[in-house]
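To keep things clear, I will list the structure first and then write my remarks on it.
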Number of protein chains: 2
Amino acid sequence: MSETGDAVPGAATARPHGARPAPTIYDIAQVAGVNPSTVSRALSKPGRLNAKTEKRIQDAAKQLGYRANPMARALPTGRTHTLGLILADITNPVFFDVVRGAERAAANAGYTLLVAESQESGEREAAATERVAPSVDGIVLGATRLGDDQIRALAETKPVVVINRAVSGVDDIVPDLATGIDEALDHLAELGHTALAYLSGPSQSWMSRARWQLLIERAAARGMTIVEIGPSSPTIEGGREVFARVATSGVTAVLAYNDLMAIGVLRAAREQKVDVPRSLSVVGFDDIFGSDFTSPALTTVRSPLDLVGEFAVQRVLDRVEAREGTAGEGGATLSTTLVVRDSTGPTGK
Amino acid sequence: MSETGDAVPGAATARPHGARPAPTIYDIAQVAGVNPSTVSRALSKPGRLNAKTEKRIQDAAKQLGYRANPMARALPTGRTHTLGLILADITNPVFFDVVRGAERAAANAGYTLLVAESQESGEREAAATERVAPSVDGIVLGATRLGDDQIRALAETKPVVVINRAVSGVDDIVPDLATGIDEALDHLAELGHTALAYLSGPSQSWMSRARWQLLIERAAARGMTIVEIGPSSPTIEGGREVFARVATSGVTAVLAYNDLMAIGVLRAAREQKVDVPRSLSVVGFDDIFGSDFTSPALTTVRSPLDLVGEFAVQRVLDRVEAREGTAGEGGATLSTTLVVRDSTGPTGK
DNA sequence: TTCCATTTGACAACCGGTTGCCATTCGCGT
DNA sequence: ACGCGAATGGCAACCGGTTGTCAAATGGAA
């Protein structure tokens, strides 16, 4: 007889929060009159057991309000059903959609998302990664400050997918920049622009360099000229600061590394009484939240960031579950597009 | 000698990902020549052991690159060192700072944050909560769709703190609305406004009602009149839709339930050629990211959302660690303030 | 040197599941 | 009615820590 949960001797059940302990498979086993291992099988491998027995167990589980203890399950299996998402800065609007897409994909697969922030610091990021790594099955790294070697080392530990960056030997999800850049250049060409400037972001930014590379290449193909101005801080302030150099560069249109910088340019232009888009066309990248609040509303190259998050999670999951996944294989579905708003217009000439 | 990370002896068992198994206290015990339990004590209760032994063990741990397995630790102790943050909508900019503040507070305390999103659906939220609850020590609930009873039931299971809402019997962190509202009304009064309108959000929104209650009370005290227009969707679209009713209501200033709605009003006003602030002053709530991108830039009542997140986590932690915490006790440090920008001005009269 | 009070650290049980192995039972064909 | 193979479910070990108990070792005092 000896009751299971009640008269536990030494335990004294001095629970932290005074709640009664959650039911376990042992409780269910007792109610259903079977062995705990049978309960485990009934719950995790439907069909393995006699239908009647299985039903009896499931009824008991339901009746007791049973919820499997994830920790207990993770211990022998090594699988936590949790994924880590590590971001340089949660408040950076670029990541909003990434987080949402990732969260959704994870939830759909029955996984939970652990979000950690590195506050733009390499050390903190390393610390955050170390803290998160042991309790997740896989990791999505966004705008990481980690070095290639650190990332590769991590990737040998568990499945890792990098977003918006490429690290040789590590999976990545990067939207296809070419489509959006082509559209943007075509758009500017149509409006008569031939002399462009690129306002580059931080010099270490993989994405800033990638955009710049593609821009020179594609601008050249169209017979347009383009100069790089920067690098500078990828913020509103950064954009504002380089405005003077834009104004004196003689270009009629600028593409900023990101929307924040583009907004900075817009502001500086307004302060200097430079008319956008009449005297200067401005194009951003990312289409972050709020980029249509500005006046003029910002024309920008939109990345499907929610899909980036979603695909990144799917890719990690493919690896975790050892299936030959091809989530988001080929940038086709991850193409970027130009969102034309009011910050671009015909050249003043 | 023996370099740190290199010759880790790992047994190279066929792991899912091919990685060598993480070192355990058993490995350390073997290296240090002691019993595993001794290792456990050396690592978790410094001082309990002979200094020499302790050092030897710690050296071995360092050499092996030991990281405690959180699951294994959580199993006997019941403490996961993880906190759950459940939000209705991660992409709602109002939560950005909450997430950041919460993440920081959690990280500082050595805790990890588990973020889940309910996608504005009560069912999904219940599901998300159920999924998250077993693996966290406490929960912060933001903009929840759960009923009071559900929340109370959850709160009996583990420490719960609700933000931006009050549920009797459950801890909450709500900024002090009065300070900001007083400032806003004083500001409008100074500008000559006497007839105001409040654009209310969803009728079930606790926060929308709370703001409205305070507004009538404080407006009356100043001899101002105020009418409620709404309820409507707390979005840009929602704000735009009620603009017609604002225009015909005869008021000279509106306070919108949140910035998104205020921005909607700004847009509709521009479309209708209504000059803001000359013909109409507009005040928002929250000071979300991007609310200064608009033109005119939005005057808004700012809530210290990062502190809300931070205090909520601290409060949960106080309960989790059973200390008599008083984090954020008294709204003093959580006062709201008016951010005056360009959407408010003297009445046209 | 002897004896006792303290340290120190080993043993083993336990947290709540999972899973390989094996004995039993069942159903079926003949 | 009998024999056989497959279906079923019990047993026990294990995942990696934590912790109560207790014996051994240590040190100090007499």
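To find a chain, count down the sequence lines: A is the first, B the second, and so on, and within it residues start at 1. The shown structure was predicted, so the numbers you read here are calculated from the model rather than taken from an experiment.
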Looking at [Y] and [X], is there a salt bridge between them, counting it only when a charged N and a carboxylate O are closer than 4.0 Å?
X	Y	value
B:D97	B:R100	no
A:D89	A:R145	no
A:E321	A:R79	yes
B:R165	B:D172	no

Query raised in the report: Is there any salt bridge (Lys or Arg N to Asp or Glu O under 4.0 Å) pair reaching into residues 121-134 of chain B, and which pairs are they, with sequence neighbours excluded?
Result: A:R67-B:E130

OP1 or OP2 of [N] versus the side-chain N and O atoms of [X]: is any pair under 4.0 Å?
X	N	result
A:Y66	C:dG17	yes
B:T53	C:dG9	yes
B:R73	D:dG16	no

To the nearest Å, give me how far apart [atom1] ([X]) and [atom2] ([N]) are.
X	N	atom1	atom2	answer
B:K52	C:dT8	NZ	P	9 Å
A:R79	C:dG16	CZ	P	22 Å
A:I25	C:dG16	CD1	C1'	6 Å
A:R67	C:dG16	CZ	P	16 Å
A:H81	C:dG17	NE2	P	14 Å
A:N50	D:dT8	CG	P	6 Å
A:M71	C:dC14	CE	C1'	16 Å
A:L75	C:dT18	CG	C1'	10 Å

**Report entry** Any residue of residues 57-64 of chain A with a heavy atom less than 4.0 Å from an atom of DNA chain C
**Finding:** none

Strictly distance-based, threshold 3.5 Å: is any side-chain N or O of [X] a donor or acceptor partner for the main-chain N or O of [Y]?
X	Y	result
A:D137	A:V320	no
B:R56	B:A32	yes
B:S44	B:S40	yes

Report task. Determine, for nucleotides 19-25 of chain C in 5'-to-3' order, which nucleotides have protein heavy atoms under 4.0 Å from the base (write B), from only the sugar-phosphate (write S), or from neither (write -). Result -> BB-----

Query raised in the report: Do A:R73 and A:T80 get their side chains close enough for a donor-acceptor pair, meaning under 3.5 Å?
Result: no

Report task. Would you indicate what A:V34 reaches in the nucleic acid, counting non-hydrogen atoms under 4.0 angstrom: base, sugar-phosphate, or nothing? Result ->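 Answer is sugar-phosphate: A:V34 comes under 4.0 Å of backbone atoms only.
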
